[in-house]
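For reference, the structure is listed below as structure tokens.
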Amino acid sequence: MNNDNSVPMRPSLSRAIRKGFIDAYDHLGYVVLVTFITFMLVALVAGLMSFIWRSPNALNIVKALSILPALFVAYLCAVGVYYFAGMVVYREHPVLLDTLAGIRRLIKPALKMCVIDTLVTAILVVDFVFFFIMIGSKRNMIFAVPAILIGYATITWLNMMIYHLPLLSSQFLLESNTSIKVILRKSFLLMADNPGFTVSLFLVIIAFAVLCVVPMFIGIAFLFLGASAFLITHALRELFVKYGIVEEEPEIVEDNYKF
């Protein structure tokens with residue numbers, strides 16, 4: 001171990017992945033349960049909204065917007081799971097009910113964050129698709145410029161979004177500011193100052209999500225929400241250690257996980 005405590009630990013994605021999956025395995029029952037409950041609640045709300053707007057006379061835009069309540073439910077469930085994961089990562093000892101406590105404590109900023117994430121993502125994706133279609137239909141490469149710029153902005157925003165939920169819960173657990181402005185600013189700074197780390201984390205989550213929908217690995221889908229929450233929260237903690245926000249764990253903690 002390095003005796004120079006002034007030298008910050010370099011953030012390691014492999015270490016975050018290892019610790020994240022170890023914590024997910026240690027709380028496997030919780031991970032499966034909350035993922036299943038989230039899926040059932042989202043399916044129930046989506047089914048109910050589909051039933052309400054089943055009329056053929058309903059406008060397509062109204063039918064499309066009817067999915068928003070299910071999205072809000074999924075987002076709130078994720079807030080509770082990330083809160084639970086944050087307690088585990090920062091060495092507290094949560095119980096199942098702490099998931100509901102996290103939702104209750106963070107519901108106001110979480111709903112604001114959900115609206116912002118949904119609106120910004122929708123606007124960026126729609127604009128990118130529009131200009132991409134215009135390139136093909138008008139056969140004019142002038143539309144490629146805004147398409148490229150918006151595409152880059154979309155990727156940047158999606159990489160920022162990785163940190164939104166873990167930042168929200170971690171800020172609260174570390175008794176720091178949980179305002180939306182602070183979350184957005186910190187997520188941008190973390191992404192901008194650690195582009196390689198962030199993009200790699202983003203690709204890992206995408207790969208994990210793709211694996212969950214592959215027929216032979218479909219059972220992994222019941223691990224996705226909980227496991228990804230532990231993984232991303234550990235990744236955020238790696239960056240917190242880098243900036244001196246939290247202390248590096250003693251080496252003996254890692255030794256306990258070696259097989």
Side-chain angles (χ1 to χ4, degrees), residues 8-39 74-75 77-96 98-99 102 158-174 186-187 190-191 194-214 217 219-243 245-259:
M9 181 183 71
R10 183 178 180 181
S12 169
L13 182 58
S14 61
R15 181 166 51 234
I17 294 172
R18 177 170 58 84
K19 289 184 175 181
F21 281 116
I22 286 174
D23 278 343
Y25 179 80
D26 288 342
H27 299 83
L28 186 59
Y30 173 83
V31 168
V32 174
L33 178 63
V34 295
T35 304
F36 177 75
I37 291 175
T38 300
F39 174 80
Y75 203 91
C77 289
V79 168
V81 175
Y82 274 87
Y83 182 84
F84 183 97
M87 293 185 71
V88 172
V89 170
Y90 295 105
R91 302 309 168 198
E92 300 186 32
H93 303 283
V95 295
L96 181 62
D98 283 316
T99 305
L158 292 177
N159 277 274
M160 286 175 57
M161 280 180 60
I162 293 178
Y163 297 120
H164 287 173
L165 283 178
L167 266 176
L168 188 62
S169 60
S170 297
Q171 291 280 106
F172 183 86
L173 292 169
L174 297 175
K186 286 191 174 183
S187 64
L190 287 170
M191 180 274 303
N194 305 275
F197 184 91
T198 303
V199 171
S200 298
L201 176 61
F202 179 77
L203 293 176
V204 168
I205 298 302
I206 294 298
F208 189 24
V210 171
L211 192 64
C212 289
V213 299
V214 174
F217 300 113
I220 300 178
F222 286 102
L223 306 177
F224 181 77
L225 176 59
S228 59
F230 281 111
L231 193 160
I232 298 174
T233 303
H234 267 294
L236 178 62
R237 193 186 190 284
E238 289 281 318
L239 297 178
F240 277 179
V241 171
K242 172 184 176 180
Y243 297 114
I245 298 174
V246 298
E247 295 183 356
E248 180 181 355
E249 290 182 335
E251 197 68 27
I252 189 172
V253 174
E254 293 192 2
D255 291 342
N256 291 336
Y257 291 118
K258 292 181 180 179
F259 295 94

For this session: Calculate, to the nearest 0.5 Å, the distance between atoms CG and CE belonging to L190 and M160 respectively.
Result: 9.5 Å

Problem set entry | Contact summary for V31 and A24, nearest pair of heavy atoms | CG2-O, 3.7 Å

For this session: Supply the atom-to-atom distance L28 CG to L33 CG, rounded to the nearest 0.5 angstrom.
Result: 11.0 Å

For this session: Identify, with sequence neighbours excluded, every residue that meets side chain to side chain donor-acceptor pair (under 3.5 Å) alongside S187.
Result: H164

Problem set entry | Parallel, tilted or perpendicular: ring planes of F84 versus H27, cut at 30 and 60 degrees | perpendicular

For this session: Please identify each residue that fulfils side-chain contact (heavy atoms from CB on, under 4.5 Å) with A74, with sequence neighbours left out.
Result: V42

Problem set entry | Pairwise distance CZ(F197) to CG(L13) - rounded to 0.5 angstrom | 5.0 Å

For this session: Kindly indicate whether the side chain of K186, heavy atoms from C-beta on, has any atom under 4.5 Å from the side chain of Q171.
Result: yes

Exercise. Can you list the residues that meet the side chain to side chain donor-acceptor pair (under 3.5 Å) rule with Y83, with sequence neighbours excluded?
Worked result: R105

Seminar exercise, completed: G226 and T35 have their tightest heavy-atom pair at N-OG1, 3.7 Å

Exercise. Can Y75 and L165 be said to form a side chain to side chain contact (heavy atoms under 4.5 Å, CB included), step by step?
Worked result: CA-CA 9 Å; Y75 203 91; L165 283 178; 3.7 Å; yes

Exercise. Roughly how far, to the nearest 0.5 Å, is CD1 of I205 from CD1 of I162?
Worked result: 7.0 Å

Seminar exercise, completed: Heavy-atom nearest pair, A227 first then F21, reads CB-CE2, 4.1 Å

Seminar exercise, completed: Here the gap from L201 atom CG to I206 atom CD1, rounded to the nearest 0.5 Å, amounts to 10.0 Å

Seminar exercise, completed: d(T38 OG1, L225 CG) to nearest 0.5 Å is 5.0 Å

Exercise. Does some side-chain heavy atom of L173 sit less than 4.5 Å from a side-chain heavy atom of V89?
Worked result: no

Seminar exercise, completed: Taken in chain and number order and not counting sequence neighbours, the residues that satisfy side-chain contact (heavy atoms from CB on, under 4.5 Å) with F39 are none

Exercise. Listed by chain and number, what are the ring-ring contact (aromatic ring centres under 6.0 Å, His included) partners of F224, not counting sequence neighbours?
Worked result: F208

Exercise. Taking only residues two or more places apart in sequence or in another chain, which ones pass side-chain contact (heavy atoms from CB on, under 4.5 Å) with T198?
Worked result: N159, Y163, M191, N194

Problem set entry | Atom of A16, atom of E238 and distance for their closest heavy-atom approach | CB-CG, 4.0 Å

For this session: Return the minimal non-hydrogen interatomic distance between S170 and F240, and the atom names on each side.
Result: CB-CE1, 3.9 Å

Problem set entry | Sequence neighbours excluded - side-chain hydrogen bond (donor to acceptor under 3.5 Å, both in side chains) pairs with any residue from residues 219-234 | D23-H234

Problem set entry | For V34, side-chain contact (heavy atoms from CB on, under 4.5 Å) partners two or more places apart | Y30, V81, L96

Exercise. Do L168 and Y82 have side-chain heavy atoms sitting under 4.5 Å apart?
Worked result: no

Exercise. Nearest heavy-atom pair of L167 and L236: which atoms, and what distance?
Worked result: N-CD2, 3.7 Å

